[in-house]
Amino acid sequence: MTNGNILLTAINAKYIHSNLAVYSLKANAGPYAGRVGIAEYTINHRREEILQGIYRHAPAVVGFSCYIWNIGYVLDVAADLRSILPDVVIVLGGPEVSYDAPDVLRRNPFVDAVMIGEGEETFREFLACYFEKGGGTDDYLQIPGLCLRTENGVYATPPRQALPMDGLVFPYADVSGLENRILYYETMRGCPFSCSYCLSSIEKGVRRRSLSLVFQELRFFLEHRVKQVKFVDRTFNCHHEHAYRIWQFIGEHDNGTTNFHFEIGGDLLKEEDFQLFRTFRPGLVQFEIGVQSTNPHTIRAIRRQMDIEKLADNLSKVRENHNIHQHLDLIAGLPHEDPASFRRSFNDVYAMAPDQLQLGFLKILKGSYMEEMAEEYGIRYGKRPPYEVLGTHWMSYDDIRALKRVEEMVEIYYNSFQFQATMVLLEQCHSDAFSMFESLGNYYEREGGFGRKHSRIARYEWLWQYVTEYLADREEAFRQTLTFDLYLREYVKSPPAFARLREKEYVRSVREFLEREAERPDILSGYEGYAAKQLFHMVYVQEFTLDFKKLFKEKQVRETAPYSLVFDYRHRDPLNHSAKVTALRRGTWPGHSS
């Protein structure tokens, strides 16, 4: 029998993330689970910090969870680990090493073995061999789903059969230490679709976990008031009854805190789903929906099935109640998508008014059908992770670079929720939404704005400079939208130059209004016990002449300008965290709302 510590190591993209794989491996390690430790880091840690952290555990076996975003870190750390712990057994697993495991071992002599595919059963059998049989090579060769280095070279055992979902142990026996992090959870494996860029398409069919077990596990999350549970199920609602009953359970047992994230097929939603969604607390669930392209030739080429018109209609129905965050994805660099086609796809998806629009770039994943077709499509891509597209028959590298600029502008000025009014007005000044972000990106490029870390205020100032150079005839309107957006997020004590300071007489009327509110609240609630002087620094009041009602089309401010707007930071939109806004008409100011 062999003694020693077993350490499962995850290097995540961000601290807020957790790694479902290592928790599931430990939970399913059977009688050896007590000997298995978990160490999680992020790619923001220095490699030396990760190495020292692993070393302090004094492990006999170290397993690394490998993905395209961390494989470089893993291999660097593993190579150094071999130098300081020459007898340690180093095992890799995960999608980044599963499809070329023999090559991984040949290229990296410091790695002892690779677990291929689903690892729970393989890991348990590996531990049994290690602890009970002394870890002889012949014993390891009896374990399916394992590729290992032997005296005669690299050898891969036969693939392991897919595991029944009900046979898996729930990965979270304890959530201490995970209170402020996203917990990942799965109720099924596999995907019914065959998207050519996705590894989930390799496995045919879908395996689901029994709802009785799912409900029991959801109760655990709810009772522990986990902040966010992110389902990793691919196309969660591919089986309608399974999805509907889970949504129904979550709605009926809402604890007022936990948010549940689902990746869904938006065109698969049904009328009973919309009826159920209307009952949900704002922020209870959020949806991620992969549109990828609206070009029918592209959709066929990547082997997707999607009804674009139905998708747009369904998303509109979900959006009506303003209680569910919707995140839509596009992929640049797909076959048959040239710059003009991508512009149309972008504008189509932007018109669906998602809360966030993720513009991603095609990644040629090992083992995917897209990898097989890369030469036929003329796809040039990075030879190191993340294997991102550099060009295709339809897009040059210059085209890709231009879309990178658009991507960053979308992240800064759309996905941040910090420029809601300004983006509406700015789009009206351009031929379409894509042209708006393209123009902004070109301006940043020309002025050297990329490659810097911009503060929140600096982003407003860059946009103001763009307006003064290209849209000077609308300068006053943009001054007001930028001011509105600025204070919609927080009370800025030192506003930028475009936000005009309030005149003394107006400030005096604000104080009078707040004195009345302190004595007899009418507009403000939740500020009981505060004096007017304190309220002056807790809420913001500003006069506007721009008609935000017309601009937003009833979305935000419902009164007609001119008016004073009261920004209430104690009451925020649960989806985008914007302050509650109340309009006070002239004639009633500074008394009561109309």
Side-chain angles (χ1 to χ4, degrees), residues 66-69 71-72 94-101 103-104 107 190-204 234-235 263 265-267 288-308 311 328-350 357-408 410 434 437-438 441:
C66 303
Y67 304 86
I68 57 174
W69 66 80
I71 187 64
E96 183 54 25
V97 295
S98 281
Y99 295 96
D100 62 346
D103 287 339
V104 170
R107 293 193 306 266
C191 181
F193 303 111
S194 302
C195 302
S196 61
Y197 51 82
C198 180
L199 292 180
S200 296
S201 64
I202 294 173
E203 179 186 341
K204 305 304 178 185
R234 299 301 183 190
T235 317
E263 180 186 319
D267 57 332
E288 181 177 349
I289 300 164
V291 183
Q292 321 311 11
S293 172
T294 62
N295 181 334
H297 300 294
T298 300
I299 295 298
R300 283 195 295 272
I302 62 177
R303 308 197 298 192
R304 275 181 69 79
Q305 301 174 30
M306 183 171 55
D307 185 330
I308 294 294
L311 171 67
L328 304 188
D329 294 330
L330 276 173
I331 295 179
L334 294 173
H336 303 290
E337 190 100 83
D338 60 18
S341 168
F342 188 82
R343 178 187 294 266
R344 288 191 294 272
S345 289
F346 182 95
N347 287 329
D348 289 342
V349 174
Y350 194 85
L357 195 168
Q358 179 70 46
L359 197 174
F361 290 80
L362 177 65
K363 294 170 179 59
I364 308 301
L365 303 179
K366 296 174 183 177
S368 67
Y369 179 69
M370 190 64 74
E371 183 185 36
E372 296 179 29
M373 299 298 293
E375 185 174 353
E376 181 175 333
Y377 293 143
I379 298 176
R380 301 176 298 283
Y381 60 96
K383 301 309 176 187
R384 300 186 64 185
Y387 315 113
E388 193 168 274
V389 64
L390 301 173
T392 70
H393 282 325
W394 300 271
M395 278 194 184
S396 67
Y397 181 59
D398 278 337
D399 296 328
I400 297 293
R401 285 185 62 246
L403 293 182
K404 285 284 184 179
R405 295 194 291 271
V406 170
E407 175 197 27
E408 188 156 348
V410 170
F434 184 90
F437 292 110
E438 182 180 48

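Atoms considered below: every heavy atom in the structure, side chains included; atoms not considered: hydrogens, waters and symmetry mates.
- To the nearest 0.5 Å, the span separating CG on Leu365 from CE on Met370 amounts to 9.5 Å.
- In this structure the side chain of Leu390 never reaches within 4.5 angstrom of the side chain of Ile400, judged on heavy atoms.
- In this structure, Met395 and Leu403 have side chains that are in contact, with non-hydrogen atoms separated by less than 4.5 Å.
- Pro335 is not listed as a side-chain neighbour of His393, based on a closest heavy-atom distance of 4.5 Å or more.
- Between Leu330 and Ser345, the closest side-chain pair of non-hydrogen atoms falls below 4.5 Å.
- In this view, Glu371 satisfies the salt bridge (Lys or Arg N to Asp or Glu O under 4.0 Å) rule with no residue, not counting sequence neighbours.
- The main-chain N or O of Asp307 is found under 3.5 Å from a side-chain atom of Asp267 such that the two form a donor-acceptor pair.
- Residues Arg380 and Tyr397 fail the side-chain proximity criterion, which asks for heavy atoms closer than 4.5 Å.
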- Message: Show, in sequence, the C-alpha distance, side-chain angles and deciding distance for Asp100 and Arg107, and conclude whether the side chain to side chain contact (heavy atoms under 4.5 Å, CB included) test is met.
- Response: CA-CA 11 Å; Asp100 62 346; Arg107 293 193 306 266; 3.6 Å; yes
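- Counting only heavy atoms from C-beta outward, the side chains of Glu288 and Asp329 approach each other to under 4.5 Å.
- For the pair Pro95/Tyr67, a side-chain contact is recorded, criterion being any heavy-atom separation below 4.5 Å from C-beta on.
- The line from CD1 of Ile71 to CD of Glu96 is 5.5 Å long, rounded to the nearest 0.5 Å.
- Atoms CZ and CG, from Phe342 and Leu334 in turn, are 8.5 Å apart once rounded to the nearest 0.5 Å.
- Between Ile289 and Leu311 the shortest side-chain heavy-atom distance falls below 4.5 Å.
- Atom NZ of Lys383 and atom CD1 of Ile364 lie 9.0 Å apart (nearest 0.5 Å).
- Of all non-hydrogen atoms in Asn295 and Ser341, the two that sit nearest each other are ND2-OG, 2.8 Å.
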- Task: Please test Asn347 against Arg343 for side chain to side chain contact (heavy atoms under 4.5 Å, CB included), starting from the C-alpha separation and ending with a verdict.
- Result: CA-CA 6 Å; Asn347 287 329; Arg343 178 187 294 266; 3.7 Å; yes
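- Atom NE2 of His297 sits in a sparse spot, with 12 or fewer heavy atoms from other residues, nucleotides or ligands closer than 6.0 Å.
- Here Asp338 pairs with nothing under the salt bridge (Lys or Arg N to Asp or Glu O under 4.0 Å) rule; sequence neighbours left out.
- The distance from atom OH of Tyr377 to atom CG of Leu362, rounded to the nearest 0.5 Å, is 10.5 Å.
- Scored by the side-chain contact (heavy atoms from CB on, under 4.5 Å) test, Ile299 finds Ser293, Arg304, Met306 as partners (sequence neighbours excluded).
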- Kindly determine whether Leu359 and Val406 satisfy side chain to side chain contact (heavy atoms under 4.5 Å, CB included), including the steps that lead there. CA-CA 8 Å; Leu359 197 174; Val406 170; 3.9 Å; yes
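- Counting all heavy atoms, side chain and backbone alike, Ala374 lies closest to Tyr381 at CB-CE2, 4.1 Å.
- Under the rule for a salt bridge (Lys or Arg N to Asp or Glu O under 4.0 Å), the partners of Arg401 that lie at least two apart in sequence or sit in another chain are Asp398, Glu445.
- Under 4.0 Å is where a charged nitrogen must lie from a carboxylate oxygen, and between Glu438 and Arg405 no such pair does.
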- Task: Would you please test Ile302 and Cys195 for side chain to side chain contact (heavy atoms under 4.5 Å, CB included) and show each step?
- Result: CA-CA 6 Å; Ile302 62 177; Cys195 302; 5.7 Å; no
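- At distances below 3.5 Å, not a single donor-acceptor pair connects side-chain atoms of Thr392 with backbone N or O atoms of Gly378.
- Between Pro386 and Ile68, the shortest heavy-atom contact is CB-CD1, 3.9 Å.
- Not counting sequence neighbours, the partners of Phe434 by the ring pair (Phe, Tyr, Trp, His ring centres under 6.0 Å) test are Phe346.
- For Glu388, the salt bridge (Lys or Arg N to Asp or Glu O under 4.0 Å) partners two or more places apart in sequence, or in a different chain, are Lys363, Lys404.
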